[in-house]
Amino acid sequence: MVLAKTKKELNTHLSPINTGKELGLVPTMGALHKGHISLVNKAIFENKTVVVSIFVNPTQFNTTEDLKKYPQSLKRDITLLQKVSDKIIVFAPSVDEIYSEKVASKVYAFDGLDKVMEGKFRDGHFDGVGTIIEAFLTLIKPNKAYFGEKDFQQLQIIKKLVALQGIPVEIIGCPIVREPNGLAMSSRNERLSKTIREEAAFIYKTLQTAKTKFGMKSAKQISEWVEAQFEKHPIFQLEYIKIADVSTLKPVRRKQKNKKYRAFVAVYAEDIRLIDNIALN
Ligand code: PAF
């Protein structure tokens with residue numbers, strides 16, 4: 001594993017590599033967990049060299065408070081990646097290195113994919129994600145880039161981004177990795193107390209039950225059922241439940257046999273916001 005903190009250092013590591021079709025990118029904001037490591041392992045399996053970027057991207061946070069609280073553990077992350085493979089180049093630039101002129105997002109036309117769910121509750125979030133991912137894809141030029149399905153909306157938006165901007169890269173979605181109790185792995189989980197982290201099994205259990213109801217009930221009935229479960233719960237506050245078409249992310253009105261649907265939730269545990277989703281069919 002090697003570490004590059006500047007674009008120049010990154011280029012020094014990348015230029016001697018005759019990657020052909022075999023350079024992978026795993027973009028992260030650090031505070032790595034088993035979910036990230038599963039992406040890195042897949043990327044290592046499929047590529048000769050893998051760049052793992054560690055960059056807490058300021059333009060995708062809607063509040064400075066949320067940005068400040070985001071866990072950072074670069075030393076620990078590097079130690080972890082050292083154990084994974086010597087094919088890895090860690091790219092951990094500073095904010096100035098990436099946003100040399102102005103810390104601001106580009107504005108994209110994501111066809112409404114960014115106006116629902118996370119986009120509705122986190123204004124400008126996906127323009128920030130798009131800006132940094134476009135910057136990294138342009139700089140690193142990987143053949144494949146890997147993203148987790150926990151952020152399913154992000155994954156669809158990044159697929160849209162590369163189509164819009166004509167970036168020649170394959171975007172690969174990878175399954176959600178869960179803690180033993182079912183809680184979707186997230187860097188934010190580190191901020192949960194032990195009790196709440198255990199109780200958070202409730203989120204995935206509720207989604208699993210929603211899935212079992214999908215064959216029999218309408219999307220509206222299922223959403224109302226999920227809302228009722230959260231209303232009764234003493235810890236978790238539901239921000240939204242949406243049952244949506246996976247490709248348009250539009251809420252399902254009438255289910256169609258040839259379409260795929262997912263249920264998406266955002267949940268607060270005290271001031272910590274968690275998201276999760278499940279394939280329904
Ligand atoms: O999913 C994340 O951690 C971030 O949104 C990403 C894709 C690394 C962009 O900053």
Side-chain angles (χ1 to χ4, degrees), residues 4 10 24-40 42-43 50-64 66-74 76-77 80-81 88-95 97-99 103-106 108 110 113-114 117-119 121-140 142 144-162 165 167 169-178 184-191 249 264 266 272-277:
L10 179 69
L25 169 66
V26 181
T28 82
M29 297 207 296
L32 302 182
H33 50 69
K34 284 186 188 147
H36 294 114
I37 301 302
S38 77
L39 302 182
V40 174
K42 185 166 166 66
V50 173
V51 175
V52 178
S53 61
I54 298 182
F55 181 68
V56 181
N57 173 34
T59 61
Q60 71 186 78
F61 288 82
N62 337 57
T63 65
T64 36
D66 196 25
L67 172 59
K68 269 194 214 143
K69 280 190 207 150
Y70 201 84
Q72 296 208 39
S73 51
L74 185 60
R76 192 187 136 270
D77 293 344
L80 201 67
L81 291 171
I88 298 173
I89 300 173
V90 175
F91 181 46
S94 67
V95 172
E97 181 72 13
I98 296 299
Y99 291 99
V103 184
S105 300
K106 286 174 74 170
Y108 296 94
F110 288 130
L113 290 174
D114 58 331
M117 301 190 288
E118 291 306 281
F121 289 91
R122 302 181 69 190
D123 196 25
H125 169 68
F126 287 117
D127 281 332
V129 171
T131 303
I132 193 63
I133 295 302
E134 183 178 359
F136 283 169
L137 292 175
T138 312
L139 180 71
I140 298 162
K144 295 180 179 177
Y146 299 79
F147 297 86
E149 286 183 345
K150 183 177 79 70
D151 297 293
F152 192 87
Q153 184 174 13
Q154 168 173 281
L155 171 66
Q156 300 303 65
I157 286 176
I158 288 166
K159 286 183 181 162
K160 185 81 188 174
L161 171 81
V162 302
Q165 307 300 87
I167 305 171
V169 61
E170 188 183 341
I171 300 299
I172 299 178
C174 306
I176 300 175
V177 179
R178 297 183 179 278
M185 295 246 177
S186 162
S187 305
R188 290 174 195 260
N189 295 356
E190 280 178 32
R191 292 182 48 223
L249 300 181
F264 299 84
I272 304 158
R273 191 170 181 279
L274 304 170
I275 59 171
D276 201 351
N277 68 81

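For clarity, every value in this text was computed on a predicted model and none was experimentally measured. Every number for a ligand or one of its atoms is a count from 1 in the order of the listing.
Residues satisfying the side-chain contact (heavy atoms from CB on, under 4.5 Å) criterion with Leu67, sequence neighbours excluded, are Val56, Pro58, Phe61.
Annotation: Lys34, atom NZ; neighbour count of heavy atoms from other residues, nucleotides and ligands within 6.0 Å does not exceed 12.
Between Phe152 and Phe264, the ring planes lie tilted relative to each other; the angle falls in the 30° to 60° range.
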For ligand 1, what N or O to protein N or O distances fall under 3.5 Å?
residue: ligand 1; atom: 1 (O); partner: Gln154; partner atom: NE2; Å: 2.8
residue: ligand 1; atom: 5 (O); partner: Gln60; partner atom: NE2; Å: 2.9
residue: ligand 1; atom: 5 (O); partner: Gln154; partner atom: OE1; Å: 2.7
residue: ligand 1; atom: 10 (O); partner: Gln60; partner atom: OE1; Å: 2.6

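For Arg273 and Glu118, the salt-bridge test passes: some basic side-chain N is under 4.0 Å from an acidic carboxylate O. Checked for salt-bridge contact, Asp66 and Arg188 meet the test: a charged N lies under 4.0 Å from a carboxylate O.
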Audit row: Arg178, Asp276, salt bridge (charged side-chain N to carboxylate O under 4.0 Å, His left out) steps and yes/no: CA-CA 10 Å; Arg178 297 183 179 278; Asp276 201 351; 2.9 Å; yes
